[in-house]
Amino acid sequence: MATGAEPGPDSSLASEEYCYLTTVGRKTGKPHRIEIWFALRDPTVFMLSGGRNKSDWVKNLVANPAVKLELSVETIAATARSEVTPEEDAWARQALVAKYQPGYDGDLTNWGKTSLVVAHDIAPA
């Protein structure tokens with residue numbers, strides 16, 4: 001975790017291939033951990049849900065927005081939100097497609113345009 005006045009994780013973690021997101025199951029109350037693509041812009045981690053609000057992980061964070069993010073060896077507490085500003089929305093879509101399209105065999109254009117943007121605001125250290 002970053003130290004001093006830095007609000008979030010080490011910015012070098014932005015190049016990690018994926019992160020792990022742990023939500024609390026809305027029915028079971030048990031941790032639900034997934035591997036997912038992300039883009040980091042301190043102090044927020046952005047993700048796209050291709051299933052929009054029908055994805056289990058999105059349903060879980062709507063019920064309980066307290067989440068854990070694992071980036072490399074760091075575990076970070078965050079608060080999830082699906083309401084993002086127009087600027088955050090545009091940045092997240094562009095950043096995620098730009099990050100993952102080069103290594104992906106298919107075309108991520110539609111995913112980048114139609115997915116739900118979810119922001120995870122990192123808790124202060």
Side-chain angles (χ1 to χ4, degrees):
M1 179 84 57
T3 59
E6 298 170 12
D10 183 331
S11 62
S12 69
L13 296 174
S15 63
E16 289 291 316
E17 185 176 350
Y18 54 83
C19 75
Y20 289 98
L21 167 68
T22 301
T23 58
V24 176
R26 65 194 177 282
K27 295 178 183 177
T28 65
K30 295 181 180 178
H32 180 76
R33 183 176 182 251
I34 63 168
E35 182 180 281
I36 191 164
W37 289 349
F38 75 100
L40 171 65
R41 188 170 79 173
D42 269 348
T44 305
V45 174
F46 292 92
M47 299 171 185
L48 294 181
S49 172
R52 300 196 53 83
N53 60 358
K54 293 181 181 175
S55 296
D56 280 337
W57 67 272
V58 174
K59 289 178 182 178
N60 288 345
L61 63 82
V62 167
N64 182 351
V67 301
K68 282 193 311 187
L69 303 172
E70 295 168 64
L71 293 162
S72 185
V73 296
E74 292 192 44
T75 299
I76 304 160
T79 302
R81 60 186 166 89
S82 58
E83 292 185 21
V84 297
T85 67
E87 189 272 334
E88 288 175 320
D89 184 275
W91 183 89
R93 292 175 190 284
Q94 183 280 326
L96 279 147
V97 171
K99 181 177 179 179
Y100 292 103
Q101 185 60 75
Y104 188 74
D105 289 337
D107 183 359
L108 295 177
T109 304
N110 192 51
W111 172 76
K113 289 180 181 176
T114 62
S115 295
L116 176 70
V117 174
V118 178
H120 299 84
D121 298 315
I122 298 167

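Just so it is clear, the model here is predicted, and its values are computed rather than measured. Every heavy atom of this structure was used, including side-chain atoms; hydrogens, water molecules and symmetry mates were not.
Between the side chain of Arg81 and the main chain of Ala119, no donor-acceptor pair closer than 3.5 Å is present. In this structure a side-chain-to-backbone donor-acceptor pair under 3.5 Å is missing from Glu16 to Leu13. Listed for the Lys99 side chain is no donor-acceptor partner under 3.5 Å among the backbone atoms of Trp37. Not one N or O on the side chain of Ser55 forms a donor-acceptor pair closer than 3.5 Å with the backbone of Val58.
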**Message:** With side-chain contact (heavy atoms from CB on, under 4.5 Å) as the criterion, how do Thr79 and Val67 come out once you've worked through the C-alpha distance, each side chain's angles and the decisive distance to 0.1 Å?
**Reply:** CA-CA 6 Å; Thr79 302; Val67 301; over 6 Å; no
**Message:** Between Leu61 and His120, does the side-chain contact (heavy atoms from CB on, under 4.5 Å) criterion hold? Intermediate values first, please.
**Reply:** CA-CA 10 Å; Leu61 63 82; His120 299 84; 4.1 Å; yes
**Asked** Do Ile122 and Val45 pass the side-chain contact (heavy atoms from CB on, under 4.5 Å) test, and can you show the C-alpha distance, the side-chain angles, and the key distance before you say yes or no?
**Response** CA-CA 7 Å; Ile122 298 167; Val45 174; 4.0 Å; yes
**Derivation and outcome, side-chain contact (heavy atoms from CB on, under 4.5 Å), residues Phe38 and Leu69** = CA-CA 10 Å; Phe38 75 100; Leu69 303 172; over 6 Å; no
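Between the CH2 atom of Trp57 and the CZ atom of Arg33 there is a distance of 15.5 Å, given to the nearest 0.5 Å. A distance of 8.0 Å separates CG in Asp56 from NZ in Lys27, rounded to the nearest 0.5 Å. Taken to the nearest 0.5 Å, the CZ atom of Arg26 stands 8.5 Å off from the NE2 atom of His32.
At a threshold of 4.5 Å between side-chain heavy atoms, the hydrophobic network of Ile, Leu, Val, Met, Phe, Trp and Tyr places Trp91 and Met47 in one connected group. Both Phe46 and Ile36 belong to a single network of hydrophobic side chains, linked directly or stepwise wherever heavy atoms of I, L, V, M, F, W or Y lie under 4.5 Å apart.
Across every non-hydrogen atom of Leu96 and Trp111, the tightest pair is CB-CH2, 4.0 Å. In terms of heavy atoms, Ser115 sits closest to Gly50 at OG-CA, 3.4 Å.
Relative to the ring axis of Tyr20, Lys68 does not place its NZ or CZ within 45° and under 6.0 Å from the centre.
Within a 6.0 Å sphere centred on CD of Gln101, other residues, nucleotides and ligands contribute more than 12 heavy atoms. Other residues, nucleotides and ligands contribute more than 12 heavy atoms inside 6.0 Å of the CD atom of Glu87.
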